[in-house]
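Here is the structure we will look at.
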Amino acid sequence: MQDSAIAKPQATRKVPRATNNPLPRANDTDTLALEILEKLTYSLGKTTSVARMHDWMDATCLAVRDRIIDHWIASTQKVTKEHSKRVCYLSMEFLIGRLLRDAINNLGLSEPVKQALARYGVDLDLVELLEPDAALGNGGLGRLAACFMESMASTEVPAFGYGIRYVHGFFRQEIADGAQVELPEDWLAHGNPWEFERRETAYEIGFGGKVTMVEEPGRPPRYVWRPAERVLAVAFDTPIVGWRGKHVNTLRLWSAQALDPILLDAFNSGDHIGALLESNRAEAITRVLYPADSHQAGQELRLRQEFFFSSASLQDIVRRHLQTYDSLDNLADKVAIQLNDTHPAVSVAELMRLLVDIHGIEWDKAWEITQATFSYTNHTLLPEALETWPIHLFERLLPRQMQIIYAINADLIRHARLDKGLDDGQISAVSLIDENNGRRVRMGQLAFAGSHAVNGVSALHTELMKETVFRDLHRLYPERIENKTNGVTPRRWLFECNPDLCKLIEEAIGPGFRDNIELLAELDKFADDASFRDKFAAVKLANKQRLAKVVEERLATYVDPKAIFDIQVKRIHEYKRQFLNIIETVALYDQIRSSPHLDWTPRVKVFAGKAAPSYQEAKQIIHLINDVARVINADPAVRNLLKVVFIPNYNVSLAEIIMPAADVSEQISTAGLEASGTGNMKFALNGALTIGTLDGANVEMLEHIGADNIFIFGLTAEEVANARANGHMGQPVIERQPLLRAALESIENGVFSENDPGRYRSLAGSLRDRDWWMIAADFQEYWNTQRRLDELWLDRAKWNTMAVHNTARMGWFSSDRSIGEYARDIWKAGPKSIQAIS
Ligand SMILES: *Cc1c(COP(=O)(O)O)cnc(C)c1O
């Protein structure tokens with residue numbers, strides 16, 4: 001600088017000392033009304049007279065967001081000051097849904113925001129509907145990650161969620177002529193008021209290239225990876241506010257960008273397309289969510305996505321650690337990294353690379369740190385869902401990580417053979433490399449080997465894990481597998497989606513349940529109180545009316561809110577057995593037609609859910625449901641005794657309307673195949689009666705709710721395994737069951753697909769054949785159990801008593817309880833009060 005005098009005044013000038021933070025903002029209606037107006041004016045550039053509803057939505061989000069930021073700053077400062085251990089939850093999916101109501105509810109702002117908007121003649125309920133439903137996930141696994149983020153904030157466990165900022169989330173589903181049509185989803189089209197782009201928080205992610213060994217005098221040789229290709233991972237942060245605003249955590253999603261957005265040389269020489277190729281290739285990594293649930297995607301782009309977000313997250317974790325501590329030796333004391341399924345399992349190799357190659361830590365020490373830092377949640381036992389990658393692909397894309405996996409594997413096998421005496425068969429089962437299927441890397445084995453704790457998501461699933469996928473690894477490390485039964489956040493899945501029920505609960509037992517959901521148990525004593533029961537039923541009826549209105553609007557179909565609402569909503573999958581449900585529907589239709597004079601209990605069968613676009617059988621099941629619905633709903637013979645509706649585009653927002661409106665919850669998976677389920681929990685919490693198999697968390701729901709208040713049927717997991725092993729076939733069973741036989745015949749003879757009579761021949765044929773999903777095997781008991789529900793409906797007092805017991809006894813299935821167990825047993829993080837849960 002030429003003249004130092006210019007700089008001088010700055011040094012001496014008395015600047016009023018800025019306080020660390022602006023004061024927390026006031027939460028009264030006047031202040032909120034003013035601030036919403038300010039956001040509208042100065043952030044959006046609109047006046048009240050031209051503002052569209054969308055602008056009001058943005059302005060409201062921004063005003064609410066300011067309040068979250070106050071708590072966010074306070075939370076971050078507290079965690080930093082106390083050097084608290086942080087949980088990093090790595091998940092390829094976060095099925096978040098809308099955030100405005102969640103934030104308003106958790107901050108206790110429902111009334112003031114509602115009234116503030118009312119001053120401008122704006123209805124908060126309508127504003128909320130305009131927020132896009134953030135669907136960065138497929139189903140249960142992604143929704144679990146979202147519930148866990150909310151619960152970690154609510155229980156004050158310091159946490160970062162790490163994932164991918166997909167430009168296009170889970171596809172939008174439409175039904176055309178009965179069949180699923182997939183349309184692109186565009187949640188970012190109007191911007192995202194919740195996120196903060198952190199351009200300064202960006203990391204280079206490498207792919208391909210070569211590994212060389214570098215020897216320098218006086219130092220041990222080290223490996224250097226020179227990737228052929230690099231992309232930038234840029235952080236986008238969303239604050240996640242917990243109950244009563246006590247704590248705010250960060251959801252950090254990575255977006256891919258090219259290092260050079262445009263290759264100027266190419267551009268200048270006239271190659272305008274070529275100049276953008278690199279940026280297109282980079283951005284493709286975070287462009288779209290793979291829509292496959294419980295099925296491995298298998299393409300190279302998917303492996304790129306997995307490594308991209310794993311590497312970015314680990315680089316971030318390591319950098320942040322070194323900002324506070326001068327060594328990585330204590331990494332595991334300050335960070336717990338949870339791998340949500342195997343999608344981020346490459347993290348095990350990548351952390352080893354960072355520790356050994358970049359930070360010069362000796363191999364054994366690095367391995368100790370790695371194992372102490374990671375833990376892994378398994379979500380499925382389905383063989384088709386277990387991730388493996390061809391060695392040649394892995395090696396080409398991630399050459400150094402491949403070497404590291406070989407080295408980990410060599411140690412593992414040495415230990416297994418020499419210390420534990422495993423034979424060749426057992427060795428090949430624990431190996432990180434599958435030698436039998438064209439040599440593949442097994443991500444489950446890698447995640448297991450690199451973690452100090454491996455958990456299943458329900459008691460049954462955890463036991464089956466020990467006997468199946470990880471049988472031999474479990475024998476090698478018998479202490480490693482433990483159970484952490486899933487849960488759902490009661491804020492979204494009770495308080496927000498069912499406010500009338502909460503009001504009623506509060507009148508009965510006081511407000512304590514809002515802070516400790518297990519206090520719902522006090523409702524039990526009202527189950528036999530006729531007046532309470534009637535009010536409980538009145539709330540249910542109102543919620544059914546709300547759903548009936550949605551059905552009317554979207555499908556132009558009338559459903560009678562006084563009928564049983566029998567609901568199955570979830571991903572469409574053979575193991576979830578929507579097919580069993582629709583066959584029972586057809587059988588019921590036949591019975592009503594042949595005995596119209598009988599006293600049938602009116603039912604509405606509700607279905608919703610998406611099929612993976614390449615999953616033909618699942619798409620056929622959707623088609624069948626819609627075909628059956630068309631025929632039954634148009635048949636005057638059934639009058640209004642039976643209706644069938646398929647509501648398109650199942651997502652979190654639709655679930656929030658559906659769960660409170662159910663009388664019957666269908667949880668009818670083939671036993672042994674649903675790892676936990678969380679839909680089952682949302683329904684029962686809202687007072688639906690479950691008809692279900694002894695599968696996943698249904699088993700524990702039975703224990704908590706009691707056998708008198710839940711409808712369990714069907715083969716057990718063990719019986720399914722035996723039947724399969726003994727070559728079970730459907731045909732002999734079908735021959736013995738006239739109801740099933742007739743229903744199946746009408747489906748395969750084209751009764752519901754007259755213009756394409758053969759449409760369902762192969763679907764029906766699969767039942768006659770191996771009946772892999774035990775649909776024929778379980779049909780009769782399912783039918784009988786449904787008729788018991790019909791009968792119970794006639795004794796409404798008894799039904800309602802059971803419904804109250806369900807709500808009262810579901811408190812344990814809160815994700816706060818799940819998070820408490822992870823914090824105590826696996827992470828050793830979070831407030832002492834949380835870790836001390838019994
Ligand atoms: C809860 C939930 C799921 C999981 O449902 P399951 O019945 O457990 O498979 C899937 N999708 C959405 C939108 C959900 O809210």
Side-chain angles (χ1 to χ4, degrees), residues 91 93-99 102 132-151 169-173 185 187 289 291-295 340-341 379-380 382 385 457-458 460-461 485-494 496-498 567-578 581 606-612 618 647-662 664-670 673-686 688 690-693 695-701 810 813-815 818:
S91 180
E93 304 188 4
F94 288 92
L95 189 49
I96 299 166
R98 294 180 176 134
L99 280 177
D102 212 38
D133 186 285
L136 309 183
N138 274 285
L141 175 150
R143 186 51 234 175
L144 185 77
C147 278
F148 277 9
M149 285 306 294
E150 200 276 346
S151 271
F170 197 20
F171 68 82
R172 198 158 55 78
Q173 179 197 54
E185 185 281 342
W187 70 299
L289 166 80
D293 189 64
S294 299
H295 204 279
N340 194 28
D341 213 322
H379 282 272
T380 177
L382 288 171
V457 289
S458 73
L460 173 66
H461 166 235
T485 300
N486 284 169
V488 298
T489 166
R491 270 72 63 185
R492 185 178 292 261
W493 297 112
L494 184 63
E496 293 159 35
C497 72
N498 206 342
I567 307 188
Q568 186 171 24
V569 291
K570 48 180 79 245
R571 286 302 293 261
I572 311 294
H573 210 296
E574 287 163 285
Y575 85 80
K576 289 176 182 280
R577 298 202 295 190
Q578 284 92 355
N581 188 346
V606 179
F607 295 85
K610 296 174 186 173
I647 311 177
N649 203 36
Y650 184 52
N651 60 13
V652 172
S653 299
L654 186 57
E656 288 168 19
I657 298 169
I658 288 176
M659 299 298 165
V664 173
S665 158
E666 298 269 356
Q667 308 302 335
I668 59 176
S669 51
T670 314
L673 294 174
E674 186 73 89
S676 162
T678 48
N680 47 1
M681 301 170 190
K682 301 166 196 167
F683 277 112
L685 181 62
N686 285 278
T690 301
I691 180 168
T693 45
D695 200 13
N698 294 355
V699 177
E700 288 148 271
M701 283 170 57
M810 282 300 292
F813 294 89
S814 162
S815 43
S818 310

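Note that ligands are numbered from 1 as they come in the structure, with each ligand's atoms numbered from 1 the same way. Scope of the values below: all heavy atoms of this structure, side chains included, with no hydrogens, waters or symmetry mates. Please read all numbers here as calculations on a predicted model, not as lab measurements.
Nearest to atom 3 (C) of ligand 1 among the protein's heavy atoms is K682 NZ, 3.7 Å. In terms of protein heavy atoms, atom 5 (O) of ligand 1 is closest to G679 N, 3.7 Å. Of the protein's non-hydrogen atoms, Y650 CE2, 3.6 Å is the one closest to atom 12 (C) of ligand 1.
For ligand 1, the atoms closer than 4.0 angstrom to any heavy atom of T678 are 1 (C), 4 (C), 8 (O). The contact set between ligand 1 and G677, taken as ligand atoms under 4.0 Å from a residue heavy atom, comprises 8 (O). Set against the non-hydrogen atoms of N651, the atoms of ligand 1 under 4.0 Å away are 13 (C). Atoms of ligand 1 found under 4.0 Å from any heavy atom of W493, numbered from 1 in the order shown, are 15 (O).
On a distance-only criterion, G139 and ligand 1 share no N/O pair closer than 3.5 Å. For K570, a nitrogen or oxygen atom sits less than 3.5 Å from a nitrogen or oxygen atom of ligand 1, counting backbone and side chain alike.
In this structure, the side chain of D133 engages the main chain of S653 through a donor-acceptor pair within 3.5 Å. Using modelled atom types, one side-chain atom of S458 and one backbone atom of H461 make a donor-acceptor pair closer than 3.5 Å. With hydrogens and angles disregarded, a donor-acceptor distance shorter than 3.5 Å links the side chain of T693 to the backbone of S669.
When side chains are defined from C-beta on, T678 does not count as touching C147, because their heavy atoms never get closer than 4.5 Å. When side chains are defined from C-beta on, L144 does not count as touching S91, because their heavy atoms never get closer than 4.5 Å.
Checked by atom type, the side-chain pair Q568/K576 shows no donor-acceptor distance below 3.5 Å. For the residue pair E674 / Y575, a side-chain donor-acceptor distance below 3.5 Å is found, with atom types taken as modelled.
Under 4.0 angstrom from ligand 1, there are no non-hydrogen atoms of F683. Of all the heavy atoms of K576, the ones lying under 4.0 Å from any atom of ligand 1 belong exclusively to the side chain.
A salt bridge links R491 with E150: the distance from a Lys NZ or Arg NE/NH1/NH2 to an Asp or Glu carboxylate oxygen falls below 4.0 Å.
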